[in-house]
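Order of the sequence lines sets the chain letters (A, B, ...), proteins ahead of strands, with each chain counted from 1. Every heavy atom of this structure was used, including side-chain atoms; hydrogens, water molecules and symmetry mates were not. Remember, predicted model here, so these are calculated numbers, not experimental data.
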Amino acid sequence: MLLCGHRVKQTQYFRAQRRGLFRCFKDFKVMAAYEMKDIESKWRKVWLDRQSFAVDEESKKQKYYVLEMFPYPSGRIHVGHVRNYSLGDVVARYKKSNGFNVIHPMGWDAFGLPAENAAMERGEHPGKWTYANIDVMRTQLQSMGLSIDWSREVATCHPQYYRHEQKMFLDFYRKGLAYRKESMVNWDPIDNTVLANEQVIDGKGWRTGAPVERRKLSQWFLKITDYADDLLDGIKTLDRWPDKVRIMQENWIGRSRGLQFKFALEGLDESVEVFTTRPDTLFGAAFVAIAPDHPLAKKLAGNKAGFDDFLKTCAAQGTSEAAIEQAEKIGFDTGVRAVHPFDASKTVPVYLANFVLMDYGTGAIFGCPAHDQRDFDFATKYKLPITQVVAPVDGAEVKLPYSDEGVLVNSDFLNGMEVEAAKAAAIEKIEKLGVGFGTTQYRLRDWGVSRQRYWGCPIPMVHCKSCGIVPVADDQLPVTLPEDVTFDKPGNPLAHHPTWKHTTCPSCGAAAERETDTFDTFFESSWYFARYCDPRNEKEAFSKEKAAYWLPVDQYIGGVEHAVLHLLYSRFFTRALSDCGYCDVKEPFAGLFTQGMVTHATFKDQDGKWLFPTQAVTNDAGQLVHVDTGAPVTEGRIEKMSKSKKNVIDPDDILNNYGADAARLFILSDSPPERDLEWTVSGIEGAAKFVHRLYRLVTEIPLQAVEKPNEFTPAQQEMRTQTHKALSGLGADIEAFHMNKAVARLRELANAIEKYKSVHSAGDWAYREALEYLIRGFNPMMPHVTEELWAHLGHDTILADMTWPEIDASLLQSDTATIAVQVNGKMRATITLPKDMDQKAAEAAALSDPNVQRALDGKAVKKVIVVPNRIVNVVVG
RNA sequence: GCCCCUGUGGUGGAACUGGUAGACGCGCCGGAUUCAAAAUCCGGUUCCGAGAGGAGUGUCGGUUCGAUUCCGACCGGGGGCACCA
């Protein structure tokens, strides 16, 4: 980059640009000769020419499958991707150098809503848009220097990919795992189209602003609930998953033991079946509530005034759980009364209620206001009686609703029992009466896979007037998407395509219509990890042998936002595929790491409009102003990078201005990977500075090869100890994903080498060893510059092919320990003692220390606690 | 609303299973180099205090010889909630 005729280091240029300081660097000195761009592209070419990361399936080495969640090709990579793939690359390179046969593939989660939005906004075909984005993003990812075997790349929108998932769906269908049922969708009444939850903003359609309605649609479902127990039990085996993800999945599946039973309806020949997890509170029942779309709703209340209005109100609610839970709880009294199963003289009103879900349990509940907040609110609102039936064991007065442990009161035969015992007794009694049974319910619902959209995998089914629903024959796959679609009309372009849906029935040959729904895009991401094992197989999704060799994924890495859905669907899919004979694994991901988000400060102009960080610059007076207009800019809070708030950084700028190694180093240093990372200019500049420093450290002093001496001076010995300690801890840090600590450790070693350098000659064996270990330790994080420096040291090997440096364990041991001495828990001195010293002797040494003596101040020693090699705590009275 | 996570100097963070709080970095301060600056190098940097010493890990309380770490309550920030991926 040229500026004023002088070659200027690019980071400086970038910073100057940010500050808006375009003054002439007249006497600017030419900086270090390190030209990162040339070096980086040179080494990427070397790896490519040598096929360093191509997978060898004949290898005798143990396999190791490193996988980062594949990206959605939205246009350009974002910093979150850089973080994700930098992390994975450290693991892949580290494992490779530790003797594993590593597979590290990449592909594209290429179906999805944004492509259709682009089509509507810009008139560009979703496929064209997607493939163009893939080309851009592939180039971007490649410029990061990732150790990826690009020959295995897949794109899920490619018919050679999705044909196999159409086959899978047919296999699931034949196995009874796929079925149709009605379920609710968000409906935009103006566009006449189904909206995704994210397209519903404050209960209104994002484009039309019309209040969204709930509407029933017949859709395809996969029976994930068949696997509820297995998915739940399997969580226990996932010992290399974060606890929080396992807990979230457990809660999501939500297995609960309870009671299902029938309330007889007074004066009617009908009953309402309810499910409850609190059968013990049955004597506290104040009402029965059923879902507005319950089959009995119309029958019980259809003639009542206000019924239609009530249904309309409910239909105006969103379909998401958050929307339902946060909406005001409202009910509609049917006027019908339900008879208490234990006492026929007692009846409770039956309400329709907007918070009862038809999808969960039986679509009906009974409410016990004294022991549940929601029921309490409901009863208060509709002035229903509240009867306490559980009281604390000590009989204390409590504020209702009370949901803790206790004993039953006001409950006839349950009185005096504890909650758990009462649950069992109530279930037993109901079973004896023959009106119900103890059962297990799951919060988990079946997976609705139908989407009324174009840019997805067509569902290979045909609707025939005489034969009903008929699967497309296997040899007719794939059912491909038509290219000539228009997005000028709202709704699904597949449905209003003039010819596409017209076909013949595979069964009777008569004219029939194709299913125009496409799959949820979670479908594609539920098996892509298996496709990577055998990506060019045309006959089948993947060969069983290859899957058996490579699966499960040993280390999966991705955003914590996928903790439930994607990961649970993939676990289900793998089981279902296994049951259909595709493979023999159940758990797709043996190890999981969930990274935090990338955040950045936000900027707004005077009108409150969001600005890109590059639009906000500091002027000479130190004020934050708009780069073009000079108008004042305010800096807002630090938030997750998002296009809508414009607080995004384009990785291309970073890679161009600082280089891939600096970008990777920054993203791996400072913040622990599981936590959020705040992107800052000073952070990336600090990293770039270090890359240059490392380069100088190794290149500025000429090194001549030296024989390893038989004896080392104490200083050399110390240098070697530091070197081996650093590398030994480094491996442990990388394995534990403590990348920030790993970097800190190496920086410490670099500091130690710098100090050592100033007092020792260049031809020192220990010095050379330290430098070589430093370079090799940094290689997984900064692969380019370390290769360059390795070559500079005169090696004709490349680090990408090398094994991890050997650690001399004898250097790690120390024969002394520094021990802290506390008096009454307060640190008073440190003493250095021989390692594993006798406790009595350590105690004596501690007590004789002058600082300790002073702190004791002649007081009587009551007790001395000695933790060997760590601490001595003297307790005085 | 429900579930999950998180809170340590000016700042990002470190501290193995309860045992020397602040590693490493950013920033800042001082120095070297320079005509001067940038870059680079060296030193310092939790707070209060001249010092001895005292205080200190969101807040309050508890367990312990000893708590950033364990327990309880509260407050702040974030993620997920089934059609965003």
Could you measure between the two [atom1] atoms, the one in [N] and the one in [M], and give it in whole Å?
N: B/C48; M: B/G66; atom1: P; value: 29 Å
N: B/C4; M: B/G72; atom1: P; value: 13 Å
N: B/G9; M: B/C2; atom1: C1'; value: 37 Å
N: B/U46; M: B/G13; atom1: C1'; value: 14 Å
N: B/G43; M: B/C24; atom1: P; value: 12 Å
N: B/C65; M: B/G10; atom1: P; value: 33 Å
N: B/U33; M: B/C41; atom1: C1'; value: 8 Å
N: B/C28; M: B/A36; atom1: C1'; value: 22 Å

### Query
How does RNA chain B read in dot-bracket, base by base from 5' to 3', with Watson-Crick or G-U pairs under 3.5 Å and | used when the partner is on another strand?
(((((((..(((......[....)))((((((.......))))))(((....)))..(((((..]....))))))))))))....
When you measure from the centre of the six-membered ring of [Y], is the NZ or CZ of [X] under 6.0 Å away and within 45° of the axis?
X: A/K181; Y: A/F221; answer: yes
X: A/R214; Y: A/W187; answer: no
X: A/R747; Y: A/F690; answer: yes

### Message
Just to verify, what does A/T521 make a side chain to side chain contact (heavy atoms under 4.5 Å, CB included) with, not counting sequence neighbours?
### Response
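Per chain and number, A/T521 pairs via side chain to side chain contact (heavy atoms under 4.5 Å, CB included) with A/F111, A/E524.
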### Query
By side chain to side chain contact (heavy atoms under 4.5 Å, CB included), which residues pair with A/K381, not counting sequence neighbours?
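A/K381 satisfies side chain to side chain contact (heavy atoms under 4.5 Å, CB included) with A/E328, A/I330 only.
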Nearest-neighbour nucleotide for the [X] side chain, [options] considered:
X: A/R747; options: B/A82, B/G79, B/G25; answer: B/G25
X: A/V867; options: B/C26, B/C81, B/G19; answer: B/G19
X: A/K689; options: B/G78, B/A52, B/C26; answer: B/C26
X: A/Y569; options: B/G1, B/C83, B/A85; answer: B/C83
X: A/A744; options: B/C41, B/A23, B/C83; answer: B/A23
X: A/E198; options: B/C5, B/C84, B/C42; answer: B/C84
X: A/T818; options: B/C83, B/C26, B/U20; answer: B/U20
X: A/P672; options: B/C41, B/G13, B/C83; answer: B/G13
X: A/V560; options: B/G79, B/C81, B/A85; answer: B/G79

### Task
State, yes or no, whether a side-chain contact exists between A/E321 and A/R443 at a heavy-atom distance under 4.5 Å.
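Heavy-atom side-chain distance check passes, below 4.5 Å.
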### Query
RNA chain B: A/K826 or A/Q199, which has the more 5' nearest nucleotide?
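Per heavy-atom nearest nucleotide, the more 5' residue is A/K826.
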### Task
Take A/V245 and A/I865, find for each the nucleotide of RNA chain B with the closest heavy atom, and name the residue whose nucleotide sits nearer the 5' end.
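Closer to the 5' end of RNA chain B: A/V245.
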Whole-Å distance separating the [atom1] atom of [X] from the [atom2] atom of [N]:
X: A/H562; N: B/C83; atom1: NE2; atom2: C1'; answer: 15 Å
X: A/E685; N: B/U40; atom1: CD; atom2: P; answer: 10 Å
X: A/L697; N: B/C41; atom1: CG; atom2: C1'; answer: 13 Å
X: A/D670; N: B/G27; atom1: CG; atom2: P; answer: 11 Å
X: A/L665; N: B/C26; atom1: CG; atom2: C1'; answer: 13 Å
X: A/D377; N: B/C2; atom1: CG; atom2: C1'; answer: 14 Å
X: A/M827; N: B/G19; atom1: CE; atom2: C1'; answer: 11 Å
X: A/E748; N: B/G13; atom1: CD; atom2: P; answer: 19 Å

Tell me whether the OP1 or OP2 atom of [N] has a side-chain N or O from [X] closer than 4.0 Å.
X: A/R696; N: B/A39; value: no
X: A/R443; N: B/C3; value: no
X: A/N740; N: B/A14; value: yes
X: A/R828; N: B/G54; value: yes
X: A/T830; N: B/U20; value: no
X: A/R451; N: B/C83; value: yes

Mind checking [X] for me? I need base, sugar-phosphate or nothing, with any heavy atom below 4.0 Å counting as a touch.
X: A/Q219; answer: base
X: A/S525; answer: nothing
X: A/I324; answer: nothing
X: A/R693; answer: sugar-phosphate
X: A/V185; answer: base
X: A/A322; answer: base
X: A/M69; answer: nothing
X: A/G683; answer: nothing
X: A/F522; answer: base

Quick one: does [X] reach the base of [N] with a side-chain donor-acceptor pair under 3.5 Å?
X: A/N873; N: B/C65; value: yes
X: A/E321; N: B/C3; value: no
X: A/R675; N: B/C5; value: no
X: A/E754; N: B/C41; value: no

#### Entry: A/K329 NZ: over 12 foreign heavy atoms closer than 6.0 Å
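Yes.
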### Query
Under the rule syn = chi within 90° of 0, otherwise anti, which is B/G9?
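For B/G9, whose glycosidic angle is within 90° of 0, the conformation is syn.
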### Query
Name the one of A/V874, A/V875, A/L856 that satisfies side-chain contact (heavy atoms from CB on, under 4.5 Å) with A/N824?
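It is A/V875; the other options fail the test.
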#### Entry: Sole residue of A/R83, A/K640, A/E678 in side-chain contact (heavy atoms from CB on, under 4.5 Å) with A/M597
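Going through the options one by one, the only one that passes is A/K640.
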### Query
Are A/R451 and A/D520 ion-paired here, with the side-chain N under 4.0 Å from a carboxylate O?
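Here A/R451 pairs with A/D520 in a salt bridge, since their nearest N and O are under 4.0 Å apart.
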### Query
Is it true that A/R246 and A/D243 make a salt bridge, defined as a side-chain N closer than 4.0 Å to a carboxylate O?
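Counted as a salt bridge, because a side-chain N and a carboxylate O are separated by less than 4.0 Å.
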### Task
Taking the six-membered ring for Trp and the single ring otherwise, decide whether the centroids of A/F355 and A/F378 are under 6.0 Å apart.
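Ring-ring flag for A/F355/A/F378: true, centres closer than 6.0 Å.
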